[in-house]
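These figures come from a predicted structure and were not determined experimentally.
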Amino acid sequence: MRSKPRSAILVLADGTEFRGVSFGSPKSSPGEVVFSTGMVGYPQSLTDPSYRGQILVLTYPLVGNYGVPQRGADRMGIPKMLESDRTQVSGLVVSELCEEPSHYSSRSSLSAWMEEEGVPGISGIDTRALTRALRSHGVMRGKIIVEGAEDIEPIEENEDRNLVAEVSCAEPKVYAPGAPGPRIAVVDCGVKANILRIILGAGASVIRLPWDSDLRGLDYDGIFLSNGPGDPKACTKTIAAVRRFLSEDKPVFGICLGNQILGLAAGADTYKLPYGHRGQNQPAQEVGTRRCYMTSQNHGYAVREDSLPKGWEPWFVNGNDGTIEGIRSRKGPFSAVQFHPEGCPGPQDTKFLLEAFVAQAKARASRKGRAAGGVA
């Protein structure tokens, strides 16, 4: 016999309340309330480090129908089916929760997994009305209050919280040492597992470094700047480290937060978007060719186009609002995109960009007259 479900309330910073039913962990939790238009991929979204500290609203009406896949890592320690080794969101908001999933890969229900991970959820919410409110007002802080659970502090921004430090690796980690391809230094600001899989799949070896690494004194052929949560301007050590390499010939490529960090290192400015771009159907147009790609995105900040310094130019723009979706240098092998070429599940139309970056690093290794392989 099932126990009576607990009630729960989602309270926004402007005082608006949405009442529903609690699932997952029976605790209250605060966070920035954001929405995503993804039709599938909730296990990946909940473990995406870019969502760290946020309450995620899924606009698709039915969530949980295919359960949660097996948790675990491959032989190199990279999560097989998820984007990191733990859930990152502060809470989840859905319209309808499927409590009895049906899929061959399912190992548990969404609610059971979230309870294990200590993440609260609320269902029975009119997510269309909630999304309209967020689109009209912009991103707001909020909190999920569960019946019988202790209430939490007033809704306010915690500016002292370093979200990138929370999701970055604590120590360097090497993947595929001795591989015949180039050596890639991944600056981990919250790198997604599928990014590592694609770079390694292109034949490179990888040294994964904490977000505040100095980068000097290492032997590698290219620098990758990962995605991650929060305000890019808080990553002062990362920005300073990248800036030193913009006078060299080592390829630098970034994704999402990495795009913003590269822009700041070059001398540009960034700003917070009203409600961000999150979902699997965002159009990104390549400047010059006007070719449009469907992309997966998850970011709340962007590079300000009129702040790009001389020698830098927009590479992609958002087909909906014209914001910058990528930048590149005219003087060196430095580029980045705001969207996710590795998006999985999601459009992989731009996966070739990651492979092209690895090819750039390989070409540099060849020009230096040595065989690429291993990590010093």
Side-chain angles (χ1 to χ4, degrees), residues 34-52 54 56 58-59 78-79 81-84 88-89 163-164 167-168 184 186-202 206 208 224-230 232 252-263 270 273 275-286 291-303 314-321 323-328 335-358:
V34 301
F35 64 88
S36 172
T37 58
M39 180 176 178
V40 294
Y42 55 82
Q44 289 76 26
S45 292
L46 267 64
T47 54
D48 181 350
S50 295
Y51 280 122
R52 184 72 174 178
Q54 296 179 326
L56 175 61
L58 296 179
T59 62
I78 301 173
M81 305 294 289
L82 306 175
E83 292 295 0
S84 68
Q88 305 288 352
V89 298
L163 295 172
V164 168
V167 297
S168 179
I184 304 297
V186 172
V187 181
D188 180 10
C189 296
V191 67
K192 292 170 65 176
N194 207 40
I195 292 174
L196 297 174
R197 281 193 287 267
I198 292 175
I199 293 176
L200 291 164
V206 166
R208 180 178 177 180
F224 177 84
L225 309 175
S226 86
N227 61 289
V252 178
F253 184 68
I255 286 178
C256 197
L257 184 73
N259 179 68
Q260 300 152 22
I261 287 174
L262 181 62
T270 57
L273 294 166
Y275 44 81
H277 298 148
R278 297 176 177 89
Q280 300 159 5
N281 54 357
Q282 294 281 344
Q285 293 180 326
E286 186 175 21
R291 185 180 289 113
C292 186
Y293 298 93
M294 297 311 294
T295 65
S296 175
Q297 299 190 17
N298 180 16
H299 59 270
Y301 291 81
V303 175
W315 187 10
F316 293 90
V317 296
N318 189 289
N320 290 327
D321 60 14
T323 56
I324 285 186
E325 292 285 358
I327 60 174
R328 59 185 172 186
S335 60
V337 293
Q338 195 61 64
F339 49 84
H340 285 267
E342 85 295 340
C344 184
Q348 291 188 308
D349 305 35
T350 55
K351 178 183 173 184
F352 71 91
L353 294 173
L354 278 167
E355 295 167 340
F357 162 65
V358 174

Check: Where do Ala336 and Leu262 come nearest, in terms of heavy atoms and distance?
Finding: CB-CD2, 3.8 Å
Note to self: On a heavy-atom basis, which atom in Leu273 and which in Gly276 lie closest, and how many Å separate them?
What the structure shows: CB-N, 3.8 Å
Notebook entry, point to check: Would a 4.5 Å heavy-atom cut-off, applied to side chains only, mark Val337 and Thr350 as touching?
Noted result: no
Notebook entry, point to check: What is the minimum heavy-atom distance between Cys256 and Gln338, and which atoms define it?
Noted result: O-NE2, 3.2 Å
Notebook entry, point to check: Under 3.5 Å, side chain of Gln280 to main-chain N/O of Val40, donor-acceptor pair present?
Noted result: yes
Item checked: Evaluation steps, side chain to side chain contact (heavy atoms under 4.5 Å, CB included), between Phe224 and Leu354 -> CA-CA 10 Å; Phe224 177 84; Leu354 278 167; 3.7 Å; yes
Item checked: Side-chain H-bond candidate by donor/acceptor type, His277 with Asp321, under 3.5 Å -> yes
Check: Between the side chain of Ser45 and the main-chain N/O of Gly41, is any donor-acceptor distance below 3.5 Å?
Finding: yes
Check: Does a donor on one side chain sit under 3.5 Å from an acceptor on the other, for Ser36 and Asn298?
Finding: no
Check: If only atom types and distance count, is the side chain of Asn227 paired as donor or acceptor with the main-chain N or O of Lys192 below 3.5 Å?
Finding: yes
Next item on the list: To the nearest 0.5 angstrom, please state how far the CG atom of Leu58 sits from the CZ atom of Phe35.
Entry: 12.0 Å
Notebook entry, point to check: Given Thr270, which of Asn259, Val303, Ile261 fulfils the side chain to side chain contact (heavy atoms under 4.5 Å, CB included) condition?
Noted result: Val303
Margin query: So does Gln282 get a backbone contact from the side chain of Thr295, meaning a donor-acceptor N/O pair under 3.5 Å?
Written below: yes
Check: Got Ile255 and Leu353 here, is their nearest side-chain heavy-atom distance under 4.5 Å?
Finding: no
Margin query: Is the shortest side-chain heavy-atom distance between Val164 and Leu257 below 4.5 Å?
Written below: yes
Notebook entry, point to check: So among Ser168, Ser226, Pro49, Ser84, which one has a side chain to side chain contact (heavy atoms under 4.5 Å, CB included) with Val191?
Noted result: Ser226
Note to self: Do Asn320 and Pro283 have side chains that approach each other closer than 4.5 Å (heavy atoms only, starting at C-beta)?
What the structure shows: yes
Item checked: Check: Ser335 side chain, Phe253 main-chain N or O, donor-acceptor pair, under 3.5 Å -> no
Notebook entry, point to check: What are the two closest non-hydrogen atoms of Glu342 and Gln348, and how far apart are they?
Noted result: O-NE2, 3.8 Å
Check: Does the side chain of Phe316 come within less than 4.5 Å of Gln285's, by heavy atoms?
Finding: no
Next item on the list: Mind listing the closest non-hydrogen atom pair of Glu325 and Asn318 along with its distance?
Entry: OE2-ND2, 2.7 Å
Note to self: Test your reading of the model: is there a side-chain donor-acceptor pair from Arg278 to the backbone of Gly38, 3.5 Å cut-off?
What the structure shows: no
Checklist line | Backbone N/O of Gly343 and side chain of Asn194: donor-acceptor pair under 3.5 Å | finding: no
Next item on the list: Taking all non-hydrogen atoms of both residues into account, name the closest pair between Thr47 and Glu83 and its distance.
Entry: OG1-N, 3.1 Å
Check: Between Ser296 (side chain) and Pro347 (backbone), is there a donor-acceptor pair under 3.5 Å?
Finding: no
